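What you see is a predicted model; the values in this text were computed from it and never measured.
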Amino acid sequence: MVADEPTERQLRVMPWWLVLVGLLLAAALGWLVLDLLLTEADRASQPDTRATLRIDAIRTGLTVVAGTGGGLALLLAARRQWITERAQRHQESVAARDQTHRDRVQAHAESVAEATQRQQDRQSTAAEHDAAERRLTELYTRAVELLGNDSAAVRLGGLHALERLGQDNPGQRPTIGAVLCAYLRMPAPDDQPRETEVRRTAQRVLTRHLRADDDAYWPEVVLDLTGATLVDFDATGCTLVDANFTATAFTGTTTFAGATVRGRLLLGAATFGDVVFDGVAADGEVLLDGVRVGGQATFDGAAFTDGLSCRRSIFAGHTSFRQVTFGQPTSFDATRFEDATTFRQAVFDGALSMEHTEFGRSANFHAARFTNMALFRWTVFGAEALFDQARFTDAANFGRARFHSMASFRDAQFSRPPQVDQARAVVDPGHRWPTGAVVQQLDDEWLLLVDR
């Protein structure tokens with residue numbers, strides 16, 4: 001807003017008689033001066049002097065009249081100049097106010113036009129968004145309808161349609177991932193090879209977009225496959241964020257080799273044929289409580305930063321934890337390893353608990369490192385128990401353990417004497433007990449280990 005200019009004082013018109021009065025005053029003044037001078041001139045004694053003074057008096061009187069008239073003329077000229085300048089200022093002020101008004105009108109018009117354009121743009125954008133959303137909804141609905149078709153070929157088409165929709169529309173990826181997981185969680189019909197192929201395809205669609213080093217990576221997808229049935233599930237190199245496979249039935253060969261786990265990985269009560277966890281890097285807790293592995297299981301080179309819980313599980317085939325790094329407390333309590341099991345060169349940075357664990361065949365802890373407490377109480381070693389060159393930098397407890405075959409602690413290092421109270425071992429000439437262990441003969445078959 002422009003501040004209003006101060007109101008000018010109203011211009012008054014000079015009346016004509018005022019000029020006449022001025023002229024009369026000038027004449028009167030001149031006459032008065034002339035009269036005074038002539039009176040003084042008449043007082044002169046000499047006629048010549050008197051004549052000269054009278055002439056000077058007349059000249060002076062005329063001069064006064066002329067000067068007074070000139071002064072009046074000068075005042076009138078000054079007033080005329082003041083009026084002219086005031087009129088010029090008035091014209092300029094009026095022109096400025098007119099220009100300001102025109103600028104305000106123009107700015108208002110431009111503001112209205114801009115607001116109108118913005119409104120039109122918003123309406124256009126909203127219309128385009130609504131059209132795009134309707135199109136996405138139609139495509140999504142159509143793809144889901146295809147996924148529910150009775151024909152396996154049509155269902156495959158629905159899977160690929162959903163994948164293409166997710167690839168083109170990142171905002172739809174979490175929903176599409178949830179739909180695919182829900183499809184896999186549905187009960188699978190028995191003895192239907194075509195449905196098996198559809199499910200394999202759904203698995204591949206999910207895992208194909210979980211590899212962070214791929215341009216097709218979908219970081220928004222979280223797997224929830226609780227209770228699903230998966231066939232030859234391959235998550236090699238995938239990035240799994242809070243993935244849930246609780247009570248999932250894995251058939252065939254399952255692999256998580258080289259996978260990166262962020263958050264928790266839940267596999268409790270899952271069943272496997274053969275399973276591969278080689279090279280897995282997990283920064284969250286991994287839960288394998290109650291799993292059943294019917295074939296081989298390998299975890300070689302994996303790293304479980306936040307620990308591993310594998311309680312009350314069964315591993316029926318050969319199991320390998322070679323060179324695995326366990327971070328936070330790790331538990332294999334009440335787990336049964338029915339075939340040969342190796343923890344060769346494994347590193348336990350957190351506490352280890354293997355209480356009531358059973359090894360049906362050889363248990364190999366060669367060169368394993370235990371940097372925290374290691375509990376093997378009530379552990380049953382059904383075959384060789386090999387702790388050669390193992391290193392225990394904290395307490396080790398083998399109380400009430402059972403060694404049904406040769407036990408070897410050759411070159412094992414203990415920071416403090418291990419606790420072996422009431423541990424028992426079959427008589428075997430190959431035993432190599434820790435230095436200082438006290439071994440007593442119970443009978444012809446069993447030995448008793450006691451603490452000093």
Mind listing the side-chain donor-acceptor pairs of residues 252-274 below 3.5 Å, one per line with the distance, residues two or more places apart or on another chain?
| from | atom 1 | to | atom 2 | distance (Å) |
| --- | --- | --- | --- | --- |
| Thr255 | OG1 | Ala257 | N | 3.1 |
| Asp274 | OD1 | Gln296 | N | 2.7 |

For residues 437-450, which side-chain N or O atoms pair as donor and acceptor with protein atoms under 3.5 Å away, sequence neighbours left out?
| from | atom 1 | to | atom 2 | distance (Å) |
| --- | --- | --- | --- | --- |
| Gln441 | NE2 | Asp443 | O | 2.5 |
| Asp443 | OD1 | Glu445 | N | 2.8 |
| Asp443 | OD1 | Trp446 | N | 2.7 |

Name each donor-acceptor pair under 3.5 Å that joins a side chain in residues 198-206 to protein atoms two or more places apart or in another chain, with its distance.
| from | atom 1 | to | atom 2 | distance (Å) |
| --- | --- | --- | --- | --- |
| Arg199 | NE | Glu195 | OE2 | 3.0 |
| Arg199 | NH1 | Leu184 | O | 3.1 |
| Arg199 | NH1 | Met186 | O | 3.4 |
| Arg199 | NH2 | Met186 | O | 2.7 |
| Arg199 | NH2 | Pro187 | O | 3.3 |
| Arg200 | NH1 | Asp232 | OD2 | 3.2 |
| Arg200 | NH2 | Asp232 | OD2 | 3.0 |
| Thr201 | OG1 | Glu197 | O | 2.9 |
| Thr201 | OG1 | Arg204 | NH2 | 3.3 |
| Gln203 | OE1 | Val231 | N | 2.9 |
| Gln203 | NE2 | Val231 | O | 2.8 |
| Arg204 | NH2 | Glu197 | OE2 | 3.1 |

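A donor-acceptor pair under 3.5 Å links the side-chain atoms of Thr335 to the main chain of Cys310, judged by distance alone. Side chain of Thr342 to main chain of Arg344: a donor-acceptor pair is present (N/O by atom type, distance under 3.5 Å, no hydrogens or angles). Within the 3.5 Å criterion, the main-chain N or O of Ala109 finds no donor-acceptor partner in the side chain of Ser111. Proximity of a side-chain donor or acceptor of Asp428 to a complementary backbone N or O of Ser405 within less than 3.5 Å is not detected. With Ser93 contributing its side chain and His90 its backbone, the two residues share no donor-acceptor pair below 3.5 Å. With Thr305 contributing its side chain and Asp283 its backbone, the two residues share no donor-acceptor pair below 3.5 Å. Remark: side-chain polar atoms of Arg410 are not paired, donor with acceptor, to backbone N or O of Gln389 under 3.5 angstrom. Side-chain atoms of Thr393 never come within 3.5 Å of backbone atoms of Arg391 as a donor-acceptor pair (strictly under, hydrogens ignored). Although no hydrogens or angles enter the test, the distance criterion places a donor-acceptor pair under 3.5 Å between the side chain of Asp214 and the main chain of Ala216. Panel note: side chain Ser353, backbone Ser331; no donor-acceptor pair is recorded below 3.5 Å.
To the nearest 0.5 Å, atom CD of residue Gln422 and atom CZ of residue Arg402 are 8.5 Å apart. Note that CZ of Arg97 and CZ of Arg102 are 12.5 Å apart. Values are rounded to the nearest 0.5 Å. The CG atom of Asp421 sits 5.0 Å away from the CG atom of Asp451 when rounded to the nearest 0.5 Å. How far SG of Cys181 is from CG of Leu225: 4.0 Å, rounded to the nearest 0.5 Å.
Dense packing is recorded around CZ of Arg208, with more than 12 heavy atoms of other residues, nucleotides or ligands lying under 6.0 Å away.
By the 4.0 Å N-to-carboxylate-O rule, Asp394 lies close enough to Arg416 to be salt-bridged with it. Taking a cutoff of 4.0 Å between a charged side-chain nitrogen and a carboxylate oxygen, Asp339 and Arg361 qualify as a salt bridge.
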Stepwise side-chain hydrogen bond (donor to acceptor under 3.5 Å, both in side chains) check, Arg104 with Thr100 | CA-CA 6 Å; Arg104 290 177 180 175; Thr100 301; over 6 Å; no
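Just one residue in the list Ile176, Val179, Leu146, Leu147 forms a side-chain contact (heavy atoms from CB on, under 4.5 Å) with Leu159, and that residue is Leu147. Of the listed residues (Phe277, Phe365, Phe332), just one forms a ring-ring contact (aromatic ring centres under 6.0 Å, His included) with Phe321, and that residue is Phe332. Results of the ring-ring contact (aromatic ring centres under 6.0 Å, His included) test with Phe387 over Phe409, Trp433, Phe403 single out Phe409 as the only residue that passes.
The side-chain hydrogen bond (donor to acceptor under 3.5 Å, both in side chains) check on Gln91 picks up nothing, with sequence neighbours excluded. Scanning for side-chain contact (heavy atoms from CB on, under 4.5 Å) contacts around Thr116 gives Val112, Gln120, with sequence neighbours left out. With sequence neighbours excluded, the residues that form a side-chain hydrogen bond (donor to acceptor under 3.5 Å, both in side chains) with Glu92 are Gln88. Under the side-chain contact (heavy atoms from CB on, under 4.5 Å) criterion, Ala396 pairs with Phe392, Phe398, Phe414, Pro418, sequence neighbours left out. Partners of Asp349 according to the salt bridge (charged side-chain N to carboxylate O under 4.0 Å, His left out) rule, which considers only residues two or more places apart in sequence or in another chain, do not exist here. For Trp218, the side-chain hydrogen bond (donor to acceptor under 3.5 Å, both in side chains) partners two or more places apart in sequence, or in a different chain, are Gln167, His209. By the side-chain contact (heavy atoms from CB on, under 4.5 Å) test, Ala212 pairs with Tyr217, Thr239, sequence neighbours left out. With sequence neighbours excluded, the residues satisfying side-chain hydrogen bond (donor to acceptor under 3.5 Å, both in side chains) with Asp388 are Ser408.
Side-chain N/O atoms of Asn244 and Thr246 include a donor and acceptor closer than 3.5 Å. Side chains of Ser151 and Asn149: a donor-acceptor N/O pair is absent below 3.5 angstrom, by distance only. No hydrogens or angles considered: nothing links the side chains of Asn364 and Ser362 as a donor-acceptor pair under 3.5 Å.
Leu230 places a side-chain heavy atom less than 4.5 Å from the side chain of Thr248. Contact check for Thr325 versus Phe348: no side-chain heavy atoms found under the 4.5 Å cut-off. Phe343 places a side-chain heavy atom less than 4.5 Å from the side chain of Met354. Looking at heavy atoms from C-beta onward, Arg312 lies out of side-chain contact with Val291 at the 4.5 angstrom threshold. When side chains are defined from C-beta on, Arg185 counts as touching Asp224, because their heavy atoms get closer than 4.5 Å.
Closest heavy-atom contact between Ser313 and Gly290: OG-N, 3.1 Å. Taking each heavy atom of Asp289 and Arg311 in turn, the nearest pair found is OD1-N, 3.0 Å. Across every non-hydrogen atom of Gly294 and Ala316, the tightest pair is O-CB, 3.6 Å. Across every non-hydrogen atom of Asp333 and Glu355, the tightest pair is OD1-N, 3.0 Å. For the pair Gly382 and His404, the tightest heavy-atom approach, listed with the atom from each and the gap, is O-CB, 3.7 Å. Nearest approach of Pro174 to Glu220, heavy atoms of both residues: CG-CB, 3.5 Å.
Aromatic ring pairs are classed by plane angle as parallel below 30°, tilted from 30° to 60° and perpendicular above 60°; the pair Phe326 and Phe304 is parallel.
Sorted by first then second residue, the ring-ring contact (aromatic ring centres under 6.0 Å, His included) pairs that include residues 159-182, not counting sequence neighbours, number zero.
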